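Just so you know, these numbers come straight off a predicted model, no measurement behind them. Atom set for the values below is all heavy atoms of this structure, side chains included, hydrogens, waters and symmetry mates excluded.
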Amino acid sequence: MGESESLTQAIRIDVEPSFQAEESSPAEQRYVFSYTITVHNHSRHSVQLLARHWKITQGSGQVQEVRGKGVVGKQPLIGPGQTFRYTSRAVLDGPVGVMEGAYTCIETATQTHFEVPIAPFRLAGPNQVH
């Protein structure tokens, strides 16, 4: 197993999605979801989250790709055994969707770049079968 594979496995991503009814407008096909991400660094090294890549599949089947530097305007440095948590939003055209993606990180001591995949997670509004 190479160094980047072991680093990828040492980073765990937890996702907590939540439907935001007060910001949504079903009449306008606007469904707002927040999602809270917790990045756990289980490695023995400091890791910096440099970039994100999201693939958002709308209930209509339309796919949107989002790429950018960091998350919520930051490129957080996460020390060994530490976590970084943030909340962001996604706006869908229907009450159900799926998000998945990856973070591009760097292990600061060796400057090793690696990708951390984010498993697909479901966004579902009220009265939707989960």
S.K.: Do any N or O atoms from the side chain of Gln58 and from the backbone of Asp93 form a donor-acceptor pair under 3.5 angstrom?
M.R.: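 Confirmed, Gln58 side chain pairs with Asp93 backbone.
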S.K.: List the steps, then state whether side-chain hydrogen bond (donor to acceptor under 3.5 Å, both in side chains) holds for Thr36 with Thr87.
M.R.: CA-CA 4 Å; Thr36 298; Thr87 300; 2.8 Å; yes
S.K.: So Lys55 and Met99, side chain to side chain contact (heavy atoms under 4.5 Å, CB included) or not? Walk me through it.
M.R.: CA-CA 6 Å; Lys55 184 171 124 186; Met99 285 182 67; over 6 Å; no
S.K.: Could you go step by step and tell me if Val47 and Ile106 meet the side chain to side chain contact (heavy atoms under 4.5 Å, CB included) rule?
M.R.: CA-CA 6 Å; Val47 169; Ile106 187 169; over 6 Å; no
S.K.: Considering residues at least two apart in sequence or located in another chain, which fulfil the side-chain contact (heavy atoms from CB on, under 4.5 Å) criterion with Thr110?
M.R.: Glu3, Glu107, Thr112
S.K.: What distance do Ser46 atom OG and Gln82 atom CD have between them, rounded to the nearest 0.5 Å?
M.R.: 7.0 Å
S.K.: Not counting sequence neighbours, which residues clear side-chain contact (heavy atoms from CB on, under 4.5 Å) with Pro26? List them please.
M.R.: Tyr31
S.K.: Is it true that a side-chain atom of Ser43 and a backbone atom of Leu7 form a donor plus acceptor pair closer than 3.5 Å?
M.R.: no
S.K.: Taking CD in Glu100 as the centre, count heavy atoms belonging to other residues, nucleotides or ligands within less than 6.0 Å. Is the count above 12?
M.R.: yes
S.K.: Hydrophobic clustering (ILVMFWY, side-chain heavy atoms < 4.5 Å, transitive) - are Phe84 and Ile118 grouped together?
M.R.: yes
S.K.: Taking side-chain contact (heavy atoms from CB on, under 4.5 Å) as the definition, give me every residue that meets it alongside Arg89, ordered by chain and number, with sequence neighbours left out.
M.R.: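 With neighbours one apart ignored, the set is Gln20, Glu23, Val32, Ser34.
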S.K.: What orientation do Tyr35 and Phe121 show, parallel under 30°, tilted 30 to 60°, or perpendicular over 60°?
M.R.: tilted
S.K.: Would you say Arg122's side chain and Val98's backbone share a donor-acceptor pair under 3.5 angstrom?
M.R.: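 Pair absent, no side-chain N/O of Arg122 close to backbone of Val98.
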S.K.: Are Val72 and Ile37 connected, step by step, through hydrophobic side chains (Ile, Leu, Val, Met, Phe, Trp, Tyr) whose heavy atoms are closer than 4.5 Å?
M.R.: yes
S.K.: May I have the step-by-step check of side chain to side chain contact (heavy atoms under 4.5 Å, CB included) for Val71 and Leu49, ending in yes or no?
M.R.: CA-CA 8 Å; Val71 289; Leu49 197 164; 4.1 Å; yes
S.K.: Do the non-hydrogen side-chain atoms of Asn41 and Ile11 ever get within less than 4.5 Å of each other?
M.R.: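 Yes, close enough: below the 4.5 Å cut-off.
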S.K.: Is Arg85 close to Glu16 at the side-chain level, that is, under 4.5 Å between some pair of heavy atoms?
M.R.: yes
S.K.: For Lys69, does its backbone N or O pair with a side-chain atom of Gln75 as donor and acceptor, under 3.5 Å?
M.R.: no
S.K.: In the single-linkage hydrophobic clustering (I, L, V, M, F, W, Y; side-chain heavy atoms under 4.5 Å), do Tyr86 and Ile13 co-cluster?
M.R.: yes
S.K.: Quick check: do Val66 and Ile56 have side-chain heavy atoms less than 4.5 Å from each other?
M.R.: yes
S.K.: Test Phe114 against Thr104 for side chain to side chain contact (heavy atoms under 4.5 Å, CB included), laying out the working first.
M.R.: CA-CA 6 Å; Phe114 63 100; Thr104 301; over 6 Å; no
S.K.: Using 0.5 Å steps for rounding, measure from the NZ atom of Lys74 to the CD atom of Gln48.
M.R.: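 The CD atom of Gln48 is 13.0 Å from NZ of Lys74, to the nearest 0.5 Å.
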